[in-house]
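Here the structure is laid out as structure tokens; the discussion comes afterwards.
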Amino acid sequence: MQAISFFHSHVACSLKKKKQRRLVEEGDGVAQTKTSKKRTQKVNFCLHRGNLALTSSARETWFMVSFFLSSAQMVKKEEEEQAVSKKSKKTKEEIEEARQLKIKKKEEEEQNRWRWWEEEKYEDGVKWKFLEHKGPYFPPEYQPLPDNVHFYYNGHIVWVSFMESVTEMTHEERSLIQDLDKCDFGEIHAMHKAKTEARKNMSKEEKQALKEANQKIVDEYGYCLLDHHKERIGNFKIEPPGLFRGRGEHPKQGMLKKRIQPEDVIINCSKESRIPAPPAGHHWKEVRHDNTVTWLVSWTENIQGSNKYIMLNANSKLKGEKDWEKYEVARKLKSRVDDIRYQYLQDLKSKQMVTRQRAVALYFIDKLALRAGNEKEEGETADTVGCCSLRVEHITLHEQLDGNECVVEFDFLGKDCIRYYNKVPVIKKVFKSLKLFLENKQPGDELFDRLNTSVLNKHLSSLMPGLTAKVFRTYNASITLQQQLKELTNSQSHLLAALANMQADMWLQMKLIHVLPSTHICTSDDSFSVRLVERKKAAVKRCEEQLLKLEVQATDREENKQIALGTSKLNYLDPRISVAWCKNMEVPIEKIYNKTQREKFAWAIDMTEADFEF
DNA sequence: GTACGAGACTCAGAAAGGTTAAA
DNA sequence: ATTTAACCTTTCTGAGTCTCGTA
């Protein structure tokens, strides 16, 4: 109930602030649209673009919901499509022909689709019985620089081995090249720019040929055979070498990510399948036949020393089944959540420090949708935290703030170095506990010194099998979506209008919340933006008009306004809720999910009845 | 019990690529 | 009608979560 009331309060707030937000709207150009009909659409795509940042996980949850909704009203599009096709000068026959082809293709696809959800599940741990594939696709060989392109150090031409992706700097080079400022990559940069330009200016035929060549690679390497069904592979290409960037202030940024050789690669497939052949003159590191894992190929990456995998596409059985399972666990939480919340509220009074910290952490995870927060190796990654790894400097307690009592102010970098900034009124017991946790601690000390994700998850799984911290995100997002949909009116047109308005409000609200406290959010991003601006400014000599636009883009980035969010709806909202809603409202599913999404959620679209209840 | 590290998988935004609407 | 910009989709790979085995 805690979480839900929290979500609701956001809606209420969004309505109250409507007037205020209109002002902002003007500045965004949203209100500049001419007709009222168009206006709705304008709002739509603004939402679709999702060019807004989110600093709070609870807000994230909200976005997931709003994103679902934002696509719900594209019903109008179909009419337009028809109008357009009429306008074009194609003959009726051509149109008819194209339509027939489309229908045929669709039917074919439908028939080929593996309805794995109607089959019996394998025994525990077994992921497949038969697996055959072609192995990974290796990136093209390194191409040496042309003779007329040079690298200069301190004004002198230098031939260096590290330009070849395979090798690192030699000792001599290391002693010679000390100062980055003395490096001149100008000619190399110009060459690359010319290349991209040339690519852009290719003729239609050339482009077509390139496309066909790519398609051939996909046809050969992009699919595998899994238990007699052809399945698409998600990433069949080995990652090419290059400079590691990382997100945020990453200690390893700029390190060379080495070229992966077949000798580094482990192949996983059926014993009795056609084993993929390594490139001529090479051999695999290992060929194994482990059907308890889902990957086809793996290798160890040299920056973090972690494993990389080639796995199946999201529309595959292996991924789909897991996704389904995830939502089933979240649904189970629905029936237990009252008890679980009651318990952690009780635990807030515990004399035992571990229990008490656990309770507060759970309160945050449930109410604010914080991530679990595993500990990370210092110096190996950017300094980001989640719930369990919060440190003293990440929260500030306010007895009184903006007319609220017991306010906790959060300010930390979360996943992907995205800043979480939020001021949340909490219940007294939580506030008191936090004060206790902070006693005798310095900034840099852990807030929950007796707690880690392992302890937390162990406790959760004892409360309900399969329950972990992240289930709360799925549960809260999905249940909120369902409730919001229920609350909307039954009349479709009315409803769609309501949705449009609601989204406009939410969108602006989020923007406001975010932009107001926006100081510098992710410092490394700033420097990135600065570099971007610089680079572009050089280009501007030739192309002055672009300058303005690009600077605007750079500014946008600086303020972190641009954070794509569309994918979130792929990860937290039970698709069956949306499917059921579509069935009830007689809204075609195409309005909610695009082709990829429909493929991914094929199981949900097929099995869900109108009366589905999350 | 618990610390630790490897492994395997989900989730995430940036960038590239493709399509459609607007100029 | 053609070019360009806006928008939407796909690809890529980094960053998390969580489990499990071992000391």
Side-chain angles (χ1 to χ4, degrees), chain A residues 41-42 44-46 48-51 53-54 60 64 71 74 77 80-81 84 88-89 125 127 139 196 199-200 207 210-211 214 218 222 234-240 242 244-248 250 252-253 257 266 268 290 292-295 298 300-301 303-314 318-319 322-323 325-326 371-377 380-382 384-389 413-418 452-458 460-461 466-471 473-474 522 525 528 532 545-546 549 557 560 562-568 570-572 594-597:
Chain A
Q41 286 185 324
K42 196 91 180 180
N44 283 348
F45 67 65
C46 284
H48 253 297
R49 274 166 56 196
N51 288 344
L54 83 169
E60 270 177 57
M64 297 159 206
S71 32
M74 302 304 272
K77 212 175 167 186
E80 278 159 33
E81 268 165 26
V84 167
S88 69
K89 282 177 184 169
K127 303 289 167 52
T196 13
R199 257 180 85 87
K200 225 175 72 191
K207 276 186 185 163
L210 205 71
K211 209 175 156 186
N214 278 332
V218 173
N235 56 323
F236 57 88
K237 290 176 175 167
I238 296 266
E239 295 172 17
F244 178 85
R245 168 121 215 310
R247 312 233 168 105
H250 197 115
K252 300 203 167 179
Q253 71 190 102
K257 192 166 88 173
I266 303 174
N268 190 34
D290 183 354
T292 67
V293 294
T294 66
W295 53 268
S298 79
T300 304
E301 155 265 4
I303 304 286
Q304 317 268 2
S306 63
N307 290 350
K308 295 274 189 169
Y309 304 93
I310 289 183
M311 291 183 191
L312 295 189
N313 188 275
L318 251 26
K319 295 288 184 192
K322 202 79 192 292
D323 209 32
E325 219 178 275
K326 172 180 80 183
R371 293 189 181 81
N374 286 307
E375 55 265 61
K376 315 168 49 175
E377 244 180 297
E380 296 292 304
T381 56
T384 62
V385 296
C387 185
C388 293
S389 48
L413 294 181
K415 185 178 180 181
D416 291 332
C417 274
I418 289 173
N452 60 40
T453 51
S454 152
V455 171
L456 182 74
N457 279 335
K458 231 172 241 165
L460 286 174
S461 70
L467 185 62
T468 61
K470 84 188 186 84
V471 178
R473 300 188 122 220
T474 314
C522 202
D525 259 9
F528 185 72
L532 186 80
E545 281 172 62
Q546 275 190 356
K549 212 197 96 211
R557 184 193 289 275
N560 257 21
Q562 288 196 39
I563 293 181
L565 245 178
T567 48
S568 291
L570 258 45
N571 296 320
Y572 293 112
N594 70 23
K595 187 166 154 278
T596 319
Q597 293 162 342

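Only this structure's heavy atoms are used, side chains among them; waters, hydrogens and symmetry mates stay out. Throughout, a chain's letter reflects where its sequence line sits, starting with A, and its residues are numbered from 1.
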Is the backbone N or O of A:Asp290 less than 3.5 Å from a side-chain atom of A:Asn268, with the two atoms forming a donor-acceptor pair by type? yes
Sugar-phosphate only, base, or nothing, as touched by A:Lys127 at under 4.0 Å among non-hydrogen atoms: sugar-phosphate
To the nearest Å, how far apart are A:Tyr309 OH and B:dG7 P? 7 Å
Round to the nearest Å and state the distance from A:Met311 atom CE to C:dT11 atom P. 18 Å
Tell me if a side-chain donor or acceptor on A:Lys326 pairs with a main-chain N or O of A:Asn571 at a distance below 3.5 Å. yes
What is the distance, rounded to the nearest whole Å, between atom CG of A:Asn313 and atom C1' of B:dC9? 15 Å
Rounded to the Å, how far apart are A:Trp295 CH2 and B:dT10 P? 15 Å
Just the rounded figure in Å: distance from P of B:dA8 to CG of A:Asp290. 7 Å
Taken to the nearest 0.5 Å, the spacing of A:Asp323 CG from A:Lys319 NZ works out to 10.0 Å
May I ask you to evaluate whether A:Lys322 reaches the phosphate of B:dA8, defined as a side-chain N or O under 4.0 Å from OP1 or OP2? no
Just by protein heavy atoms under 4.0 Å, how would nucleotides 12-19 of chain C read 5' to 3' in B, S and -? SBBBSBBS
Would you say A:Thr294 reaches B:dC9's phosphate, i.e. side-chain N/O to OP1/OP2 under 4.0 Å? yes
In whole angstrom, what separates A:Leu570's CG from C:dT11's P? 13 Å
Quick check: does any side chain N or O of A:Asp416 sit under 3.5 Å from a backbone N or O of A:Arg247, one acting as donor and the other as acceptor? no
Verify the contact: side-chain N or O of A:Lys595 to OP1 or OP2 of C:dC8, cut-off strictly under 4.0 Å; return yes or no. no
Nearest-nucleotide wise, let me know which of A:Glu377 and A:Lys211 is further upstream toward the 5' end of DNA chain B. A:Glu377
To the nearest 0.5 Å, how far apart are CD in A:Glu301 and NZ in A:Lys257? 7.0 Å
Can you measure A:Lys458 atom NZ to B:dT2 atom P for me and round it to whole angstrom units? 8 Å
A:Glu380 to A:Lys252 - nearest heavy-atom pair and separation: OE1-NZ, 3.0 Å
Count the heavy atoms of every other residue, nucleotide or ligand shown that sit under 6.0 Å from NZ of A:Lys458, and state whether that count exceeds 12. no
Whole-Å distance between B:dA6 C1' and A:Ile266 CD1? 12 Å
When you check the phosphate oxygens OP1 and OP2 of C:dT9, does a side-chain N or O of A:Asn594 lie under 4.0 Å from one of them? yes
